[in-house]
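The block underneath contains the structure these notes are about, expressed in C-alpha cells.
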Amino acid sequence: MSSPAGPAGGPSRVLVLNSGSSSVKYQLLDMAAGPGTDSRLAAGLVERIGEGEVADHDAALRIIAAELNGQGLGLDSPELAAVGHRVVHGGTRFTEPTLITDEVVAAIEKLVPLAPLHNPANITGIKVARELRPDLPQVAVFDTAFHSTIPEHAARYAIDTGTADRYEIRRYGFHGTSHAFVSRAAAELLGKESSQVNVIVLHLGNGASASAVAGGSCVETSMGLTPLEGLVMGTRSGDLDPAVVFHLARVGGMTVDEIDTLLNKRSGLLGLCGDNDMREIGRRMAEGDKAARLAFDIYIHRLRKYIGAYTAVLGRVDAIAFTAGVGENSAAVREAALQGLETLGIEVDAVRNAVRGRAARLISTDTSRVAVAVIPTDEELEIARATYALAQR
Ligand code: AMP
C-alpha cells in the first residue's frame, strides 16, 4: 500500500478539531492530494458531551480516535503530520496560526474571560489531543486572527480609553477563518490576486457576520468584543442600543446572566418568530405567516445596512460573496439583500441566483459592475492548510 506523502515525502495528513462546549467536530485531510483534488479522508461529529454516554472531551476524542481507527486512519498513524485546532478567541496576542506550546495554552487560558463559552472547550480539545499525540506539532488557528488588520479607528469603541484598555474592550471579530477563505476564493473566482480586489463577505449561518476586505486585508467586520454584535442571527440579536441592557436590568429586574442568555440564545430570528432555521421561515412566509415575514424583513434590513456601510468603507467594491448555511442556500435572502441596488453597480441575475450547487459561482449579471458570488466556505480546509504550512517549517 502506498502512503500519501508531503512535498518532502513526509507525513501529509492533518486532523482538524473544532471543539465546542458540547460537541467536537473533526476532519482528517490529506494535504498531499493535489490542488482541486478532494483531500478529505474522514469527517464526523461527536455530540451531547456531558449528557451521559459521552462523559467529557477526553471521551469524545477517544471516540474520534476509535472511529478513525475503524477506517484504517488511526490517530497513531505515522502518516499524521499535525493536528489543527480551531480556537475562537485569540485576543490581541494571536494574530496568526500558532504552534502550540505549554506557554501558548496558558495564554489561550488567559483569554477565557473574553470567550467564556468557547475558549475552555477549545483548550480541553488541545490538551487531550496533545496527550494522545505529544510527538506531533499541534497548531491553534484563531477565529479572530484574520480581523487583526482592522485599523484602530474601526476596532475601537468610542468609550473611555482607559476603561477600554484595562478590560481589553475592542472589536475583535469572529468567523475569521471563513472570511479569509471566502475573500481569497472570491478573488480566485474573478481570476485576480487577493491584493487586487475589494470584497464584502457575508457569512450567513446560524451565527452571521459581514466583513470588508480590502486587497486581502480585513478592514472592518460586524462582530465585536464577542459574536453578539452586528447582523441579526439565528438566536442572537446583533446590534442594539446598549441601554436595552440597563433597561432590562433596572425595569425588568433581570440579572446580567439572564440578559446574556436572552440576547445570545433567545433573540434573533428565533426571538422574533419562534424559528431560527431560514428554511422554516421561508415555508411559513409562503403560507402568509406575518411573524415569519417580519423576522425575515428585519434580518434583510440589517444586512442591507451593512452592505451599504461596507460599500462606503471600501470605496470601491469588486465582489460581494455570500457564504455559510443561509448565504450558500437561500436564493431568497440573496435576492432580497441586493434588490434595487443597481445604483451601487449591483445586479443579481435571477436565473443564476436560483441555481443550486456546491461549487463557487457567480450570480451577478454580465453587466453588473460588482461581481456577486456564492462561495461555499471551508473552515476545516483553511485550518488544515495553515496547520500543515506551520508543521512543515
Ligand atoms: P451554518 O451555521 O453555516 O451551518 O448554517 C445553518 C443555517 O443555515 C440553518 O440554521 C438554516 O437556517 C440555514 N440553511 C441551511 N440550509 C438552508 C436552505 N436550503 N435554505 C435556507 N437556509 C438554509
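Atoms within each ligand, like the ligands themselves, are counted from 1 in listed order.
The distance criterion of under 3.5 Å between nitrogen or oxygen atoms is met by D277 with respect to ligand 1. For the pair N206 and ligand 1, the shortest N or O to N or O distance falls below 3.5 Å.
A donor-acceptor pair under 3.5 Å links the side-chain atoms of N353 to the main chain of A331, judged by distance alone.
Every atom of ligand 1 with a heavy atom of R356 under 4.0 Å away is listed here by number and element: 19 (N). Below 4.0 Å from some heavy atom of V326 lie the following atoms of ligand 1, by number and element: 8 (O), 12 (O), 13 (C). When each atom of ligand 1 is checked for a heavy atom of A324 under 4.0 Å away, the hits are 3 (O).
No more than 12 heavy atoms of other residues, nucleotides or ligands sit less than 6.0 Å from atom CD of E193.
Residue, atom and distance of the protein heavy atom nearest to atom 19 (N) of ligand 1 are N329 CB, 3.4 Å. Ranking protein heavy atoms by distance to atom 10 (O) of ligand 1, first place goes to N276 O, 3.9 Å.
Taking the six-membered ring for Trp and the full ring otherwise, the centers of Y172 and H147 sit at least 6.0 Å from each other.
Between H179 and H203, the ring planes lie tilted relative to each other; the angle falls in the 30° to 60° range.
Between K290 and D297 no salt bridge is recorded (no basic side-chain N to carboxylate O distance below 4.0 Å). Using a 4.0 Å cut-off between a side-chain N of Lys or Arg and a carboxylate O of Asp or Glu, E258 and K265 do not qualify as a salt bridge.
Contacts with ligand 1 closer than 4.0 Å are made by no heavy atom of M233, backbone or side chain.
Scanning M278, E328, R279 for the heavy atom closest to atom 12 (O) of ligand 1 points to M278. Of the candidates G207, G325, G205, G325 brings a heavy atom nearest to atom 23 (C) of ligand 1.
No heavy atom of E379 sits closer than 4.0 Å to any atom of ligand 1.
Considering CZ of R166 and OG1 of T161, their distance stands at 14.5 Å, rounded to 0.5 Å.
There is no protein heavy atom closer than 4.0 angstrom to atom 4 (O) of ligand 1.
With hydrophobic clusters built from ILVMFWY side chains whose heavy atoms lie under 4.5 angstrom apart, V139 does not share a cluster with V104.
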